[in-house]
Number of protein chains: 2
Amino acid sequence: MTERRKVAANTTLRDVAERVGVSVSAVSMALQDHPRIGDDTKRRIREAADELGYVTNSAARALRASKADAIALIVPNTSQHVFGHAYFMHVLTGVTAVANRNDAQVVISTSPDESHGKVAYDRVLRSGSVDGAIVTSAAVTDDGIQRLVADGLPVVLLGRFPYLPDAVSVGIDDVRASELATEHLIQAHGRRALVHLTGPLDHQSAIDRRDGFLAAAARHGVGTYIVEGDFSEESGAAAGPQIEALGDVDGLVAANDEMAFGAMRHLLGRGRRVPEDLAVIGFDDFGLSRVTTPSISTMHVPAERMATQATDRLFDLIGGARVAADEAHTVQPVELIARQSCGCEPMGRAQGGDKQ
Amino acid sequence: MTERRKVAANTTLRDVAERVGVSVSAVSMALQDHPRIGDDTKRRIREAADELGYVTNSAARALRASKADAIALIVPNTSQHVFGHAYFMHVLTGVTAVANRNDAQVVISTSPDESHGKVAYDRVLRSGSVDGAIVTSAAVTDDGIQRLVADGLPVVLLGRFPYLPDAVSVGIDDVRASELATEHLIQAHGRRALVHLTGPLDHQSAIDRRDGFLAAAARHGVGTYIVEGDFSEESGAAAGPQIEALGDVDGLVAANDEMAFGAMRHLLGRGRRVPEDLAVIGFDDFGLSRVTTPSISTMHVPAERMATQATDRLFDLIGGARVAADEAHTVQPVELIARQSCGCEPMGRAQGGDKQ
DNA sequence: AGGCAGTGCTGGAACGTTAGAGCAACCCCA
DNA sequence: TGGGGTTGCTCTAACGTTCCAGCACTGCCT
C-alpha cells in the first residue's frame with residue numbers, strides 16, 4: 001500500500017515471479033519468448049511484468065551475457081575542438097540512427113586532455129560497458145587504437161588511417177577530392193595561380209588534401225602557394241594577409257569551409273572581389289558554406305552516410321563477422337557542390353529558390 | 001604463454017589476486033585505496049593490475065553498487081530535427097565537460113519515433129544503466145517525465161516547464177528576452193510596425209517568445225503581425241511572401257536565427273533592403289547569425305552554460321541533495337548581440353576584425 | 001508394460017564486483 | 001600474563017540476470 005514512497009526499489013524478475021507464482025527462470029525465459037514456456041504462462045508473466053513496471057536491469061544482463069547493448073563514439077581530441085565542428089553533429093546523427101535500429105545505446109566518450117585520452121577509450125572498451133566503438137578524429141600518432149584492434153575488439157575508424165592497415169575504416173578519398181576541387185578552378189574557371197590553405201598537418205586528411213592540390217596543380221602546370229592553417233576560421237582569417245601579399249593568385253583551395261570563410265571574409269573586407277579576383281573553393285559542406293555570401297563552393301563530405309556505414313560495419317563486427325583484408329577500408333564518394341565563390345552560380349538576388 | 005590469442009578474455013580481480021597471491025577482496029580494497037590494506041601489498045597489487053591491464057568491469061560494479069557512473073542525455077524528438085540544430089552541440093559540450101569532471105559516461109538517448117519515445121527514456125533510467133538524466137527539448141505534452149520526477153529519479157530539465165513545477169530545471173526567461181529584442185527594434189531603431197515569426201506553438205519557448213513580443217509591442221503601442229513558423233529555415237523562407245504582403249512592416253522579430261535567415265534571404269532576393277527597409281532580429285546565436293550577410297542581430301542563449309549548470313545540478317541530485325521548492329528552477333541571463341541586420345553595425349567591409 | 005520423445009517448468013550455478021563480518025597476529029600497557 | 005586495541009588480511013553473501021541440467025508429467029508407439 002505504501003509502495004514506491006521514495007526511490008521505488010526497482011522491481012526485479014523475482015518480484016514478477018512471486019506475483020505470478022512461478023520461478024525466476026520461468027519469468028526470464030518467458031520475457032525472452034522461449035519456446036519451452038507455455039503460452040498461457042507467458043501471457044500471465046507479461047501482464048504481471050507490465051503491471052509492476054518491470055525493466056531489465058542492464059548491468060545484470062551485461063554482466064551475465066557479457067553484452068552491453070551499447071557502443072561508444074570516441075572523440076580523442078578535446079571536446080572544444082571537435083564539438084565546435086558541425087562534422088560531429090552529422091556523425092552523431094548517423095551513429096544514433098543505426099544504434100537505435102540495433103537497440104543499442106550510444107555512449108559519447110571524450111578525453112578531457114590529450115595525455116589522459118589514451119587510457120580513456122581503452123578503459124571504456126575494456127570495461128565491458130560497450131560492445132564496440134566508432135573512433136573519430138584520431139590523431140595520426142595514436143598507438144592505443146592499434147592495440148585495441150590487435151586485441152580483436154570491435155572498432156571501426158572514421159577517416160583514413162594508412163598506418164593502421166588492419167583496422168576497419170570508413171572514409172573518403174581526400175587526395176582525389178582535393179584534386180577535383182583544384183581541377184575545377186583550373187578547368188572550369190581558367191585559374192592559373194592557386195594558393196592552398198592547409199589544415200593541421202598532423203591530420204591525415206589535411207595531408208591528403210594538400211597532396212591532392214599539389215598533384216592536380218602540377219598535372220596542369222599552374223602556379224602553387226601553400227599557407228598552413230589549422231582548420232579554424234581564425235586561421236583562415238590569419239592567412240588573409242599572406243594571400244593578399246601573393247599578388248598574382250587568382251584561386252584559393254581551402255582544406256575546409258571554415259578556413260575558406262575566414263580568408264574570404266578578410267579579403268572581402270579589404271576590397272578583393274570573390275569570385276572575380278579570387279575564385280574560392282572549400283571542403284566539407286557541413287552547413288557553413290551554404291549560408292555565407294557569397295556562398296562557398298565546396299567538396300561535399302557525406303559525414304552522416306560515413307557514420308551510418310561505419311556503425312553498420314561495427315555491428316557486423318560485434319556480431320562476429322570476420323573482415324577480409326581487402327575489405328577493411330570503405331571509401332565513400334564525394335561530390336563537388338558548385339556555388340558562388342568559384343563563379344559557377346550567379347551572385348545576387350536569385351538564390352532564394354534553391355532546394356536542398 | 002599463448003595468452004590473449006583472440007579476444008583476450010578480460011582480466012578480472014581474480015587474475016590479479018592469483019598473480020599477487022592474495023584474496024580477491026584484498027585486490028578490490030587495494031584498488032580503492034582502503035586503509036586496511038598494507039602499503040606494500042597495495043603497491044604489489046597495483047603493479048600486477050597494471051601489468052595485466054586490469055580494468056574494472058563496469059557492469060559488475062554497477063550491479064553490485066547500483067551505481068552506473070553514467071548519465072543520459074535524453075532527446076525525445078527525432079534525431080533529425082534536433083541534431084540538425086547547433087543547439088544540441090552546445091548542450092553536448094557542456095554536458096560532457098561536467099560528466100568528465102565527475103568521471104561519468106554520457107549516454108545519448110534518442111527516440112526513433114514519437115510514440116516509442118515515452119518508453120525510451122523511461123527504460124534507460126529504470127534499467128539502471130544511468131544514474132540520472134538531462135532531458136532536453138521535451139514536448140510540452142509529455143507526461144512521462146512527470147512520472148520519473150515523481151518517482152524520485154534524478155532528472156534535470158533543460159528549458160522552462162511551467163506544467164512541471166516540481167522538476168528541477170535550468171532555462172532562460174524567454175518572455176523577457178523576447179521583450180528585449182522587440183524593444184531594441186522599437187527604441188534603438190524607431191521601428192513602429194513589427195512582424196513576429198513564431199516557432200512551433202507546442203513548444204514552450206515558442207509560446208514565451210511570442211508572448212514577450214506581444215507584451216513589448218503593446219507596451220510601446222506599435223503595430224503587430226504574427227506569422228507562424230516551425231523554427232526551420234524553410235518555414236522562414238515560406239513566411240517571406242506573407243511578410244512582403246504586409247506592406248508597412250519595418251521590423252521582424254524572429255523566434256530563432258534560422259527562420260530569420262530564411263525570411264531575410266527571401267526578402268533580399270526580392271529587392272528588400274535589410275536593415276534599411278526591414279530591421280531583423282533573431283534568437284539563439286548558435287553560430288548561423290554571425291556568418292550571414294548581413295549578420296543577424298540576436299538574443300544570445302547561453303546553451304553551453306545552461307548545460308553545464310544542469311549537469312552540475314544533476315550530479316548534486318545523484319549525490320542525494322534535496323532541492324528546495326523555490327530553488328527548483330534556475331534562470332540563466334540572455335544577452336542582446338547587436339549586429340548588422342538591425343542596423344547597429346555598419347554593413348560592408350569593416351567586419352574583418354571582430355573577435356569572438 | 002516398457003521405453004521414449006516431447007512439454008513445461010524448477011534449481012542452481014555463474015558473471016565480476018563490493019562490503020561487512022570474522023579472524024589471526026601483533027603491540028602496548030597495566 | 002592477559003585483556004584490549006590495532007593492523008592486515010580472508011570468507012562469504014549479496015547484486016539481478018541467464019542458461020544448462022534436471023525432473024515430473026503426458027501421450028504415443030511398439
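In the text below, chain A, chain B and the rest are named by the order of the sequence lines, each starting its count at 1. Note that this is a predicted model, so its numbers are computed, not measured. Scope of the values below: all heavy atoms of this structure, side chains included, with no hydrogens, waters or symmetry mates.
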On DNA chain D, which is the earliest and which the latest nucleotide, 5' to 3', with an atom closer than 4.0 Å to a heavy atom of chain B?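 It runs dT7(D) to dG16(D).
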Do Asn100(B) and Thr110(A) have side-chain atoms, one donor and one acceptor, less than 3.5 Å apart?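 Looking only at side-chain atoms, Thr110(A) and Asn100(B) do form a donor-acceptor pair, the distance falling under 3.5 Å.
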Do Thr308(B) and Glu304(B) have side-chain N/O donor and acceptor atoms under 3.5 Å apart?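 Judged by distance alone, the side chains do not pair up.
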Please identify each residue that fulfils side-chain hydrogen bond (donor to acceptor under 3.5 Å, both in side chains) with Arg43(B), with sequence neighbours left out.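 Arg43(B): side-chain hydrogen bond (donor to acceptor under 3.5 Å, both in side chains) contacts with Asp40(B), Glu47(B).
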Taking side-chain hydrogen bond (donor to acceptor under 3.5 Å, both in side chains) as the definition, give me every residue that meets it alongside Asp39(B), ordered by chain and number, with sequence neighbours left out.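 Listed in chain order: nothing, the list is empty.
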For the helix from dA1(C)-dT30(D) to dA30(C)-dT1(D), measure the angle between the helix axis at one end and the axis at the other, each built from five pairs, rounding to 10°.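 Comparing the first five pairs with the last five, the axes sit 60° apart.
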List for me each residue that meets side-chain contact (heavy atoms from CB on, under 4.5 Å) alongside [X], sequence neighbours excluded, and say none if there are none.
X: Asn102(A); answer: Val98(A), Phe315(A)
X: Val24(B); answer: Leu13(B), Arg14(B), Ala17(B)
X: Asp326(B); answer: Ala324(B)
X: Ala167(B); answer: Val149(B), Leu157(B), Leu164(B)

Please collect all salt bridge (charged side-chain N to carboxylate O under 4.0 Å, His left out) contacts where either partner lies in residues 153-163 of chain A, sequence neighbours excluded, each pair once.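 Output for this query lists Arg160(A)-Asp208(A).
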If a protein heavy atom is under 4.0 Å from the base, mark B; if only from the sugar-phosphate, S; if neither, -; do that for nucleotides 11-17 of chain C going 5' to 3'. BBBBBBB
Side chains of Val323(A) and Leu317(A): closer than 4.5 Å at any heavy-atom pair?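 Val323(A) reaches Leu317(A) side chain to side chain.
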Kindly state which residues belonging to residues 40-48 of chain B come within less than 4.0 angstrom of DNA chain D, counting heavy atoms of the residue only, listed by number.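 Heavy-atom cutoff 4.0 Å gives Thr41(B).
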Using salt bridge (Lys or Arg N to Asp or Glu O under 4.0 Å) as the criterion, list what pairs up with Arg19(A), not counting sequence neighbours.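 So Arg19(A) forms a salt bridge (Lys or Arg N to Asp or Glu O under 4.0 Å) with Glu51(A).
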Any idea which heavy atoms bring Ile318(A) and Pro154(A) closest together, and the distance?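 Smallest interatomic distance, heavy atoms only, reads CG1-CB, 3.9 Å.
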